[in-house]
Amino acid sequence: MTATARPMLLNDFDAAASRKRCMGFRRRILDVSQTVTALHIAPAFSCMEIADTVYNGLMQRKDDGSSDDVFLMSKGHGCMAQYAILEYLGVLANGELDRYCTAHGELGAHPDYGVPGIEASTGSLGHGLAMAVGMAIAERNKKSGATVYAILSDGEIQEGSTWEAIMMASSLGLTNLVMLVDNNNFQSLGQTHLTHPSFYPLDDKFRAFQWECETVNGHDAAAIFQAVTSREGKGPFALVCKTTKGKGVSYMEGVPIWHYRSPNPEEYKTALDELTEISG
């Protein structure tokens, strides 16, 4: 029998369960950080609630657990959040995340097409939204009813190719495209509002390109879910998610070096203690 999609209602989404999952995902990533010298831990932590809300709330699941909806981690350096969720969903094989960035594993520092659950190779900033636009066109042409969700970073919004995709998406009336911006106000080693003051206000820029747009706290899963599910749906939708880089671990929050390095054993223990306290 063919599995059928079941629409999710507003009261179906359990925000408390999302908070518990996200703390677990952060702890899982911390565990992996002890096996490699560097991973993009802070940008993964900043988009954790966004990714969880898409996967475990917004994407329509069939009876067999699969979905026709598409998820694209355009900010490829946030892939640890995606990997942790794919492991939780059973898409990645048990133990695969423990082989992250090793010769015996298939998970790299950025997502690679061909890995289970990965729709495209991403991380070259400026490419992701254009691919998402193409996917949304394809799904519309197939009349699949699928929605394409793409998470972008601050850095990507500075790329000209992203704005070309933004203009094309609204010109084509892609009502099945949702862009979620992980607006953590950082780009590698610099704060966006200092290095690129003209970057803001983002929501006005998106609306000027004929996108429907809202702004929310990017660590409030209920707010993310409410904003996306309440959109008018007359065109593409952009959600500006205000986030904190390194969210959940006090010494990582807003500190540039955690874009790259892994915590040492003492720092690891401190982070686990903080996350256990938050989720307890």
Side-chain angles (χ1 to χ4, degrees), residues 21-22 24-52 54-56 59 67 70-132 134-135 148-156 159 161-162 180-182 184 186-189 243 245-249 252 256-264 267-268 271:
R21 283 193 302 270
C22 289
F25 296 147
R26 286 184 170 93
R27 290 195 294 269
R28 182 72 175 102
I29 292 169
L30 280 168
D31 287 344
V32 176
S33 77
Q34 298 306 283
T35 67
V36 292
T37 57
L39 78 170
H40 294 295
I41 193 167
F45 281 12
S46 70
C47 69
M48 187 62 70
E49 284 77 14
I50 307 171
D52 178 71
V54 174
Y55 270 114
N56 293 302
M59 293 179 73
S67 177
V70 179
F71 178 95
L72 189 72
M73 181 63 80
S74 182
K75 55 166 283 184
H77 52 285
C79 65
M80 288 302 295
Q82 184 179 22
Y83 293 162
I85 294 171
L86 289 175
E87 179 184 60
Y88 167 81
L89 292 173
V91 177
L92 289 177
N94 289 334
E96 191 58 51
L97 192 51
D98 295 312
R99 294 186 288 273
Y100 168 78
C101 277
T102 68
H104 304 291
E106 58 180 347
L107 301 180
H110 283 205
D112 289 314
Y113 181 69
V115 172
I118 303 300
E119 298 289 343
S121 299
T122 60
S124 296
L125 302 187
H127 294 179
L129 187 62
M131 288 190 283
M135 292 172 177
V148 178
Y149 298 94
I151 296 181
L152 276 71
S153 66
D154 294 56
E156 291 179 279
E159 299 288 346
S161 53
T162 295
L180 304 107
V181 180
D182 179 14
N184 60 32
F186 265 93
Q187 41 180 341
S188 296
L189 300 179
T243 62
K245 197 159 186 175
K247 178 68 174 179
V249 178
M252 291 185 185
I257 192 60
W258 295 105
H259 184 83
Y260 299 103
R261 63 164 287 207
S262 294
N264 62 36
E267 292 164 337
Y268 165 74

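All values derive from a computational prediction rather than experimental measurement. Side chains included, hydrogens not; waters and symmetry mates left out as well; all remaining heavy atoms used.
K75 places no side-chain N or O within 3.5 Å of a backbone atom of C47 that could act as its donor or acceptor partner. Judged purely by atom type and a 3.5 angstrom limit, E106 has no side-chain atom pairing as donor or acceptor with the backbone of E96.
Applying the ring-ring contact (aromatic ring centres under 6.0 Å, His included) rule to pairs touching residues 84-125 yields F25-Y88, H40-H110, sequence neighbours excluded. Evaluation of the salt bridge (Lys or Arg N to Asp or Glu O under 4.0 Å) test over residues 122-132, restricted to residues two or more places apart or in two chains, returns none. Listed by first then second residue, pairs satisfying side-chain hydrogen bond (donor to acceptor under 3.5 Å, both in side chains) with a partner in residues 115-125 number zero, not counting sequence neighbours.
Residues N56 and L89 form a side-chain contact, since some pair of their non-hydrogen atoms from C-beta on lies under 4.5 Å apart. Side-chain contact check for F71 versus I151: some heavy-atom pair is nearer than 4.5 Å. Residues V91 and I85 fail the side-chain proximity criterion, which asks for heavy atoms closer than 4.5 Å.
Between atom CZ of residue R27 and atom OG of residue S33 there is a gap of 13.5 Å, rounded to the nearest 0.5 Å. Distance check, rounded to the nearest 0.5 Å: CD1 of I29 to OG of S262 gives 11.5 Å. For the atom pair I118 CD1 and Q82 CD, the distance stands at 3.5 Å (nearest 0.5 Å). One distance of note links CZ of F45 with CG of N184; it measures 13.5 Å at 0.5 Å rounding. Separation of atoms CG (L86) and CG (L92) is listed at 5.0 Å; rounding is to 0.5 Å. Taken to the nearest 0.5 Å, the CG atom of L97 stands 9.0 Å off from the CG atom of D31.
Applying the side chain to side chain donor-acceptor pair (under 3.5 Å) criterion to D112, with sequence neighbours excluded, gives no partner residue. Under the rule for a side chain to side chain contact (heavy atoms under 4.5 Å, CB included), the partners of A150 that lie at least two apart in sequence or sit in another chain are L72, A132, L152. Residues passing the ring pair (Phe, Tyr, Trp, His ring centres under 6.0 Å) test with Y149: none are found, sequence neighbours excluded. Considering only residues two or more places apart in sequence or on other chains, C22 meets the side chain to side chain contact (heavy atoms under 4.5 Å, CB included) condition with S18, R26, M48, E49, D52. The side chain to side chain contact (heavy atoms under 4.5 Å, CB included) test applied to Q187 returns Q158, T192, T195, H196, not counting sequence neighbours. Residues forming a salt bridge (charged side-chain N to carboxylate O under 4.0 Å, His left out) with E87 (at least two apart in sequence, or on another chain): R28. Looking at residues two or more places apart in sequence or on another chain, you find a side chain to side chain donor-acceptor pair (under 3.5 Å) between S74 and E156. With sequence neighbours excluded, the residues satisfying side chain to side chain donor-acceptor pair (under 3.5 Å) with H259 are K245. Evaluation of the side chain to side chain contact (heavy atoms under 4.5 Å, CB included) rule for E267 yields Y251, W258, R261, P263, N264 as partners, not counting sequence neighbours.
The heavy-atom pair separating G126 from S161 by the smallest distance is O-OG, 2.7 Å.
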Does the side chain to side chain contact (heavy atoms under 4.5 Å, CB included) test come out yes or no for Y268 and L30, once each step is laid out?
CA-CA 7 Å; Y268 165 74; L30 280 168; 4.0 Å; yes
